[in-house]
Every structure is written in C-alpha cells, then in structure tokens.
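Both counts, for ligands and for their atoms, begin at 1 and track the order of listing. A quick note: this is a predicted structure, and the numbers were derived from the prediction, not measured.
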Amino acid sequence: MFANRISQTLHDEHRATITLMERLEQSLGRRQPIDISDPKDARLLRDLVLAIDSDTIRHFDFEETHLFTLLESVGDQLIGDHLTEEHAVMRPLGETLAALSRTAESAGFDKASWEEFRRVGAEFVQRMVVHVQKEEMALLPLVNDTMDSETEIRLYNVYTGNT
Ligand SMILES: [Fe+2]
Ligand SMILES: [Fe+2]
C-alpha cells in the first residue's frame, strides 16, 4: 500500500492492533467475564500483555522520536503534538490494562476486577481505534510523501533493529 517502508511497517502494526482491539471489544461485550480456563480467552490476555508491553510502547516511542520530529521539520508541528498527547493518555491506560491482564492470567477475574478491566479496556479500545484512524489518514501518507530514501533506510534500520 505504501512505497515507504516505514509507513508500510507502521500500517501493518496498526492493522494488527485493530484486530487485537476487536478481539478485546468482543470479549468486553459478553455477559460473562473472561474465563482463563478457556484457551481463547487465555490467549487474549497473553496477547494483550505482549502487545502492550513491547509493541505498543515501542511503536509510540518510535513515532514520537523519529516521525513527529520529521513532521515538525517540514512545518507540521500540530499533528505531532496532537498525536503525542493521545499517546500520553494511552500509555498509562495501556499499562493498567496490561497489569490487570497479567494478574488475571493467573488469578482470573472476580466481579470487581472484571468491572475495572471492562472500564479500562473499553476506554483503551475507543482511544486506540480513533488514534490509529488519524495516523492512517494524516501521518502515514505524509511520511510516505515527504521522507527521502536515505532517511527511510536509516529509520527502517533503527526500527527493525538492524543497527
Ligand atoms: Fe501513534
Ligand atoms: Fe501509530
């Protein structure tokens, strides 16, 4: 979809995130709490912990450190500031959600912990979906159109850990 590999990589990660958010949303909408003896439910908790602890934080950090600064240098500071603010709201929500998931992986849910998980999870899903939509519409096309190929190679290596 994107010629620029940074845009394409982030796009692929956005799609994976949306798929995970859809799985989470489905389980939040059910009457019964997530059941850790159900392999599908247990996998959702594990995937949430892994995704938030490594992928999401790494993705946010990369965007802030390397992409929003690039946008600023071509005169688009507002979009970077706005997306950074959204990250700042989602980071603690994500940390809480990962912590609740980790606890539930071994202890399961009771009424109170399920209510908290639902509340935090629903807010995280809602914010993440909107955030990804904005980046798909505004950030990735702009990176695709403005980034020179030397920067693309350098940042791709930074992001994929080849340097
Ligand atoms: Fe972002
Ligand atoms: Fe993103």
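You'll find the side chain of Glu63 stays beyond 4.5 Å of the side chain of Ile6, heavy atoms only.
The angle subtended at the Fe ion (ligand 2) by OE2 of Glu63 and NE2 of His14 is 130°, given to the nearest 10°.
Checking His131 against the Fe ion (ligand 1), an N/O/S atom falls under the 2.8 Å cut-off. Checking Glu135 against the Fe ion (ligand 1), an N/O/S atom falls under the 2.8 Å cut-off. Here Glu64 fails the criterion, with no N, O or S atom under 2.8 Å of the Fe ion (ligand 1).
Between Arg127 and Glu123, at least one side-chain nitrogen of the basic residue sits less than 4.0 Å from a carboxylate oxygen of the acidic one, meeting the salt-bridge criterion.
Using the six-membered ring where Trp is involved, His59 and Tyr159 have ring planes that are perpendicular, over 60° apart on the 30 and 60° scheme.
Side-chain N/O atoms of Ser113 and Asp110 include a donor and acceptor closer than 3.5 Å.
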